[in-house]
**Q** 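The structure is given below, and queries will be raised subsequently.
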There are 2 protein chains.
Amino acid sequence: MTNEATKTTRKSAPKPANRRTGAKASASSKPKPASSRAERAAERRGAIIAAAMDEFIARGFAATRLDDIAKRAGVAKGTIYLHFKDKESMFEELIRTAIVPLVTRLWATPPQPGASVRDMVEGFAKTFIEEVAATRRGDLVRLIVAEGPRFPEVADFYYREVVSRGLAGMRALIELGIARGEIQHKNLARFPQIMVAPALIAVIWQSLFSRHAPLDALEMFQVHLDLIFGERRTA
Amino acid sequence: MTNEATKTTRKSAPKPANRRTGAKASASSKPKPASSRAERAAERRGAIIAAAMDEFIARGFAATRLDDIAKRAGVAKGTIYLHFKDKESMFEELIRTAIVPLVTRLWATPPQPGASVRDMVEGFAKTFIEEVAATRRGDLVRLIVAEGPRFPEVADFYYREVVSRGLAGMRALIELGIARGEIQHKNLARFPQIMVAPALIAVIWQSLFSRHAPLDALEMFQVHLDLIFGERRTA
DNA sequence: TGACAATGACTGACTAGTCAGTCATAAATG
DNA sequence: CATTTATGACTGACTAGTCAGTCATTGTCA
C-alpha cells in the first residue's frame, strides 16, 4: 500500500483518460448525473485525504510532496487547493479526520453488562490490536508520535480526543474492577497508562521491528492482564 | 568555470576574523599549540555532531537544514562535508554515535550481588527514567521511532544494539526472579517488553503530553513493579 | 633558530534541482 | 452561455552539495 510503484507509470504515454468522466464510475458509459456535484466533490476530497494519509505515513510531513498526493488521488495539484488551505492545514485536518472514526471504532465495543472487567478490557485490547496495531491505523499513531512535537495543535487534539478520554475510560474500568474485587492493586487507578502500555508498545514494535522479530501482541496482552487480574488458567 | 572577475572581488572588505585563531578558544591570546590540527578537527566534528543532533531532534530529518547545523556548530557548510558523506549518512552515523554511550550508561548499573531482582530492575528503571526519559536522550528515542521506517539501517542498528540486548538482559533478570520466587508469573519471561513498556510510555508522554498533564514516571514504574513483584508495602 | 615552502582544513558563493503554491485556461454543468 | 470546478504549466523561494581559493599550521633547510 505504501509502495512507490507510481514512479514507473510516471507520465509515459497512456493519456490517463480524464478520470472525471472515466475512472470514478468505470461502468457508466454515459456521464450519468447520478452523483451530484457535491457528491463527487466529497468523493474527490475523500480520495485526496486517503492519498495524503498514505503519503504522510510513508514519508512524514516534510518529505511528502503534494505532487505525489495529487497523482495518487488521481487529481491535479491545483484541485488539492480547492479543498485545503495549504499543506500544513491539510495535514492537521487529515489527522483530525482520521482520528474520529478511530476513536469511534474503539468505543464501539459491545458493553456486555454481565461481562467481567477483565473481559471488557480484553475485548477492548483485542479490538485495538486487530484494528489499529495490525493495520495502517497503527502507523497513524506512529505518525502522531513522530510529528507531534512539530504540530502542537495535532498533539493537543490527540491528547484531548484520544489520550485523555481513553485514560479516563480506562480508569473508570479499573475502579470498577477494584470495587468488584477483580483487581487487587488499588494504585493502578492512578496510572491507567500501565494498562494500555503494552498495546502502544505493540504498535511501535509493529512499525519498527516486526521484520526482525514478530511479536504476538494478543499473547503479550494476555500475559499483561494476568499480572493485573491474576492468572486466568493454571498455566 | 565560466566566471571571470567574480573570484577576485570575492571577499573584498569584511575579513571575517578567521575563527580558527579567534573564536574557538576565545581566551587564548596566543596560538598555543595545545590543540593540534587533528585535535581541533575532532573538536569541530564533535561540534557538528552536537549541533546536528539538536537540529534533527527539533525538526526531524527532512526538515533540518544543513545551513542551520553549520551555523549552530560555528562552521561553514562545506566543513560538514569534510566529515560526512552527505546528509543521510550524517544522520545515520549520528544516531550510531549517540546510541553507544546511551547503552553504556544504562548497563553501568552497579550489579549488587545481594540485591533482589526487584531492586535491580528498579535501579535500572530509575537510571533510564532519569537519564533518558527526562532528558534530551529521550527525544533521541522518539526520533528513532519517528524516522525508523524511513531509515531501515537505523532501525536495524537500534534493534541489534539496544532492543535485542535490552530484552535479553531483562529476560535473564526475569528468569532469575522466577527462580528465586520473587516473580510468580512465569509467562512474563516470554514478553520482557511488558517489563519495559511503562518506561517507553514515559518517554513518549514526556515529549508529547507533559504540558497537558505531567506524569511521574518513577511513581508509575513503582506501581507497575507492584503488579509484577507484589505490593512492596501494604498501601 | 629564522625564513620560506608545502599542506590541507576551512570557507562560502555558486549550481542544479526541488517543491509549495498560483493562476490563466479548459472542461463540465445546469 | 454563465458559472462553477478542475487542470497543470509556471514561478519563486529554498536547499543539498560543490569547489576554487584562503591562510594557519607544519615541515624543511640553511
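The sequence lines fix the lettering, A, B, ..., with proteins before strands; numbering per chain opens at 1.
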**Q** Rounded to whole Å, please give me the gap between NE2 in A:H83 and P in D:dT4.
**A**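 Result: 16 Å.
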**Q** Take the protein atom CD1 of B:I48 and the nucleotide atom P of C:dT11, then report the distance between them rounded to whole Å.
**A** 9 Å
**Q** Mind calculating the distance between CD1 (B:I69) and P (D:dA16) to the nearest angstrom?
**A**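 In whole Å, D:dA16 P and B:I69 CD1 are 8 Å from each other.
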**Q** Indicate whether OP1 or OP2 belonging to C:dT11 is found under 4.0 Å from a side-chain N or O atom of B:R44.
**A** yes
**Q** Starting at the 5' end of DNA chain D, which residue's closest nucleotide do you reach first, B:T79 or A:L82?
**A**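 Going by which nucleotide is closer to the 5' end, it is A:L82.
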**Q** For A:F84, give me all partners under ring pair (Phe, Tyr, Trp, His ring centres under 6.0 Å), at least two apart in sequence or on another chain.
**A** none
**Q** Take atom CG of B:D68 and atom P of D:dT15, then tell me their distance rounded to the nearest Å.
**A**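 My rounded result for the distance is 8 Å.
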**Q** Does a side-chain heavy-atom distance below 4.5 Å link B:W205 with A:Y159?
**A** yes
**Q** Over how many whole Å does the gap from B:R45 atom CZ to C:dA9 atom P extend?
**A**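 About 13 Å, once rounded to whole Å.
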**Q** Residues two or more places apart in sequence or in another chain: which of them pass side-chain contact (heavy atoms from CB on, under 4.5 Å) with A:Y81?
**A** A:L66, A:K77
**Q** Can you check the A:Y81 OH to D:dA6 P distance for me, whole Å?
**A** 16 Å
**Q** Quick one, A:F221 with A:F128, criterion side-chain contact (heavy atoms from CB on, under 4.5 Å). Give me CA distance, side-chain angles, the key distance, then yes/no.
**A** CA-CA 11 Å; A:F221 209 86; A:F128 180 83; over 6 Å; no
**Q** Calculate the interatomic distance between B:K71 atom NZ and C:dG12 atom C1'; express it in whole Å.
**A** 13 Å
**Q** Nearest whole angstrom, please: distance from the P of D:dA13 to the CG of A:D86.
**A**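 Interatomic distance, CG of A:D86 to P of D:dA13: 18 Å.
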**Q** So how far is it from A:L167 CG to B:F209 CZ, rounded to the nearest 0.5 Å?
**A**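 So the CG of A:L167 and the CZ of B:F209 are separated by 9.0 Å.
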**Q** Tabulate protein N/O versus nucleotide N/O from nucleotides 17-19 of chain C, keeping only pairs under 3.5 Å, one per line.
**A**
from: C:dC19; atom 1: OP1; to: A:R65; atom 2: NH1; distance (Å): 2.9

**Q** Would you say B:E130 has more than 12 foreign heavy atoms packed within less than 6.0 Å of its CD?
**A**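 More than 12 heavy atoms, drawn from other residues, nucleotides or ligands, come within 6.0 Å of this atom.
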